[in-house]
Amino acid sequence: IVYRYTYTDCAGNSDDWVYTYTVDLTIGPDAGADAGSTVECEADAVEPTDIPVISDHCGNLITPSGPVVGGTYEDCEGTITYTWTYTDCAGNSDDWVYTYTVDLTIGPDAGADAGSTVECEADAVEPTPPQVTDHCGNPITPTGGLTTEGDYDGCEGTIVYRYTYTDCADNSDDWVYTYTVDLTIGPDAGADAGSTVE
């Protein structure tokens, strides 16, 4: 930016004096400290709306570019980042990053255990386990089945089925179905009989 002053004497002789400002914007914008939070599920890592309002070093408002989504999240846990870049007219820039840490700490809930009383061991068929999802709504296929936890002795006692529901972060909950074998119906020898003899 140039300011020019001309000095002219009474005979018309003149000389100029020039003052030149060289505008060199070397101090870039400052987007401030990054931010973040911890969430349970990927679905909770929504794009932040409360991003910083930043001006360049000369006070001119900067409209950021972005967000660029990144992070280490894969299938279950990790980070999800949203990055905005604030660039001034001289090409100086600063990033502002919001980082979600996805940490699935709330395990699945298989519900209350169940059971029933049956007369015979053959009645203690494998139950149908409940349908369970993880805290983020993803279905879980249980593992397990018949166990040796019961005290069935060949006549009466308990027969136990246990199913374990484990989410992707290794949080788990068990669902147990217990049959109580109680033989209450006695044998039936049929009608008595007899005969007349001499």
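Predicted model, so just to flag it, every value in this text is computed and none were measured. Counting from 1, the numbers follow the sequence of the chain as shown.
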If the condition is side-chain hydrogen bond (donor to acceptor under 3.5 Å, both in side chains), which residues does T38 pass it with, not counting sequence neighbours?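 Partners of T38 under the side-chain hydrogen bond (donor to acceptor under 3.5 Å, both in side chains) test: none.
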
Over 12 non-hydrogen atoms of neighbours within 6.0 angstrom of CD in E47: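 Yes.
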
Would you say D16 has more than 12 foreign heavy atoms packed within less than 6.0 Å of its CG?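 Counting other residues, nucleotides and ligands, CG of D16 exceeds 12 neighbours.
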
Measuring from atom [atom1] of [X] to atom [atom2] of [Y], what distance do you get when rounded to the nearest 0.5 angstrom?
X: I140; Y: D134; atom1: CD1; atom2: CG; result: 5.0 Å
X: D44; Y: E42; atom1: CG; atom2: CD; result: 10.0 Å
X: I159; Y: Y152; atom1: CD1; atom2: OH; result: 6.0 Å
X: N171; Y: I106; atom1: CG; atom2: CD1; result: 9.0 Å
X: L146; Y: Y161; atom1: CG; atom2: OH; result: 4.5 Å

Review point. Pairs in or reaching into residues 177-187: which pass side-chain hydrogen bond (donor to acceptor under 3.5 Å, both in side chains), with residues at least two apart or in two chains?
Key: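 Passing the test, one end in residues 177-187: S116-Y177, E119-T184.
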
**Report entry** side-chain contact (heavy atoms from CB on, under 4.5 Å) evaluation trace for D15 with T6
**Finding:** CA-CA 6 Å; D15 191 26; T6 301; over 6 Å; no

Query raised in the report: Quick one: side-chain contact (heavy atoms from CB on, under 4.5 Å) partners of C58, sequence neighbours excluded?
Result: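 C58 satisfies side-chain contact (heavy atoms from CB on, under 4.5 Å) with L25, D56, N60 only.
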
Checking the side chain of D173 only, and the main-chain atoms of A110 only, is there a donor and an acceptor separated by less than 3.5 Å?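 Checked: pair present.
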
Return each pair, listed once, that meets ring-ring contact (aromatic ring centres under 6.0 Å, His included) where at least one residue sits in residues 27-83; pairs must be two or more places apart or across chains.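 Matches after skipping sequence neighbours: none remain.
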
field: Full working for side-chain hydrogen bond (donor to acceptor under 3.5 Å, both in side chains) between T85 and S93
entry: CA-CA 7 Å; T85 300; S93 66; over 6 Å; no

Are [Y] and [X] connected in a single hydrophobic cluster, I mean Ile/Leu/Val/Met/Phe/Trp/Tyr linked by side-chain heavy atoms less than 4.5 Å apart?
X: V125; Y: V160; value: no
X: I62; Y: W84; value: yes
X: V102; Y: V68; value: no

Closest approach of P108 and D167, non-hydrogen atoms and distance?
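Shortest heavy-atom contact: CD-OD2, 3.6 Å.
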
Exercise. Could you tell me which non-hydrogen atom of P127 sits nearest to which non-hydrogen atom of P129, and how far apart they are?
Key: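 That would be O-CD, 3.3 Å.
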
Quiz item: With Y5, which residues qualify under ring pair (Phe, Tyr, Trp, His ring centres under 6.0 Å), at least two apart?
Solution: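 If we apply the ring pair (Phe, Tyr, Trp, His ring centres under 6.0 Å) test to Y5, skipping adjacent residues, the hits are W17.
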
State whether a side-chain donor-acceptor pair under 3.5 Å links T158 with D151.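 Note: T158 and D151 side chains meet the donor-acceptor criterion.
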
Review point. Taking atom types as modelled, is there a side-chain donor on T133 or N138 under 3.5 Å from an acceptor on the other?
Key: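 Looking only at side-chain atoms, N138 and T133 do not form any donor-acceptor pair under 3.5 Å.
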
Discussion item. Is the shortest side-chain heavy-atom distance between V132 and D109 below 4.5 Å?
Written reply: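 V132 vs D109: side chains apart.
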
Item checked: Pairs touching residues 57-77 that satisfy salt bridge (Lys or Arg N to Asp or Glu O under 4.0 Å), sequence neighbours left out ->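 Listed once each, the pairs would be none.
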
